[in-house]
Every structure is written in structure tokens, then in C-alpha cells.
Amino acid sequence: MNPQTVYNGFASMFRNMLVSMTVAITLIGFSEKFDLMAPVVRMIGFMAMIIAAFIGFKTYRDFLDYIKTIESEFPVARRWKTWAYVTLLYTVIILMLSLIYLFRKVIPF
């Protein structure tokens, strides 16, 4: 498998995670505009956050697995691990934000 193709795929998945998070934030921001359906829109926004986190974690795992298989042939692949860790950090931030949002807005006490 071509390393450049895999790296491009990683960049695409990272972009998908960012776009999913943007959609989630937009849904959450506009949820107050819906009178009767606001709780449903908030739940959809929360689910979009979870999907973004899932995309991020899956991207992190798949990219690290590929790096492990090619790092002996392509030493530059070791430097790519930094991008995988950035993805993991962003995923953790998304999960923390989604849990805060879940307990503050989606599940009102």
C-alpha cells in the first residue's frame, strides 16, 4: 500500500472529524431557535459530537496501526505519529465537551 495514499486518507478522515464537530456545534447553537423540537435538535447535536469523536478515535488507531507496519521501511513514518497524537488529543477534547454538554443541556436536572 502506498504510504502517500494512506497519509492522504488520514488527512481526509481528520477533516471529516473537524467537519462533523462543526456540524454538531452548529446544531447546538441553533437548537434554541426551535421551540418544540429544541430537545431533539440538542440530542442530534450531541450524537454528532459522539460521531466526531468516534471518527477521531478510529482515525488515530488505524493510522498508528499502519505506521507500525511501515516504519521499518519508511523512517519518515515515525514523524507521522505526531499527527496521530494530535488526533487523539482533539478526540479527547471532543469527548469532554460532549459529556459537559450532555449533563448541562441534554439531560436537564
Side-chain angles (χ1 to χ4, degrees):
M1 192 178 310
N2 184 357
Q4 185 63 43
T5 304
V6 173
Y7 188 78
N8 289 340
F10 166 77
S12 295
M13 290 305 295
F14 189 78
R15 183 176 50 245
N16 290 344
M17 178 181 63
L18 294 174
V19 169
S20 299
M21 190 60 187
T22 303
V23 168
I25 290 171
T26 303
L27 281 171
I28 290 167
F30 284 115
S31 68
E32 301 302 322
K33 302 289 183 192
F34 298 92
D35 294 330
L36 297 175
M37 298 297 287
V40 174
V41 175
R42 281 195 293 266
M43 183 56 80
I44 292 170
F46 171 73
M47 288 189 302
M49 287 175 117
I50 297 300
I51 289 169
F54 175 75
I55 291 170
F57 185 71
K58 183 88 170 99
T59 302
Y60 163 75
R61 286 299 317 148
D62 291 349
F63 198 54
L64 274 187
D65 288 344
Y66 182 72
I67 288 172
K68 287 177 187 175
T69 61
I70 68 162
E71 65 186 348
S72 61
E73 296 174 45
F74 301 99
V76 71
R78 287 188 199 109
R79 290 188 294 178
W80 292 354
K81 286 183 181 180
T82 306
W83 288 113
Y85 297 136
V86 168
T87 305
L88 181 63
L89 176 65
Y90 193 75
T91 302
V92 169
I93 290 170
I94 290 173
L95 284 174
M96 289 186 329
L97 287 174
S98 63
L99 288 175
I100 290 168
Y101 181 72
L102 176 69
F103 290 116
R104 297 210 51 201
K105 295 285 186 177
V106 177
I107 302 175
F109 289 105

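Quick note: residue numbers are just sequence positions, from 1.
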Exercise. If you measure from OH on Tyr60 to CG on Asp65, what distance do you get to the nearest 0.5 Å?
Worked result: 9.5 Å
Exercise. Going from CG on Asn2 to CD1 on Ile70, what distance comes out if it is rounded to the nearest 0.5 angstrom?
Worked result: 9.0 Å
Exercise. Among the clusters formed by ILVMFWY side chains lying less than 4.5 Å apart, do Val92 and Phe54 turn up in the same one?
Worked result: no
Exercise. Looking only at heavy atoms, what is the nearest atom pair of Ile44 and Leu27, with distance?
Worked result: CG2-CD1, 3.6 Å
Seminar exercise, completed: CD1 (Ile100) and CG (Leu95) are apart, to the nearest 0.5 Å, by 11.0 Å
For this session: Nearest 0.5 Å please: distance from the CG atom of Leu97 over to the CG atom of Leu102.
Result: 12.5 Å
Exercise. Once you round to the nearest 0.5 Å, how far does CE of Met49 lie from CE of Met96?
Worked result: 11.0 Å
Only distances under 3.5 Å count here; give the side-chain donor-acceptor pairs of residues 30-37 to other protein atoms, sequence neighbours excluded, each with its distance to 0.1 Å.
unit_1 : atom_1 : unit_2 : atom_2 : d
Ser31  : OG     : Ile28  : O      : 2.9
Glu32  : OE2    : Arg42  : NH1    : 3.2

Seminar exercise, completed: Rounded to the nearest 0.5 angstrom, the OG1-CG distance for Thr82 and Leu89 is 12.5 Å
Distance-only donor-acceptor pairs under 3.5 Å for side chains of residues 13-24, two or more places apart:
unit_1 : atom_1 : unit_2 : atom_2 : d
Arg15  : NH2    : Ser12  : OG     : 3.1
Asn16  : ND2    : Ser12  : O      : 3.4
Ser20  : OG     : Asn16  : O      : 2.9
Thr22  : OG1    : Leu18  : O      : 2.8

For this session: Please name the pair of heavy atoms, one in Phe10 and one in Thr87, separated by the smallest distance, quoted to 0.1 Å.
Result: CZ-OG1, 3.3 Å
Exercise. Parallel under 30°, tilted from 30 to 60°, perpendicular over 60°: which one fits the rings of Trp80 and Tyr7?
Worked result: tilted
Exercise. Nearest heavy-atom pair of Ala84 and Phe63: which atoms, and what distance?
Worked result: CB-CD2, 4.0 Å
For this session: State, to 0.1 Å, how close Ile50 and Ser98 come at their nearest heavy-atom pair, and which atoms those are.
Result: CD1-OG, 3.7 Å
Seminar exercise, completed: In terms of heavy-atom contacts, Thr91 and Phe57 come closest through OG1-N, 3.6 Å
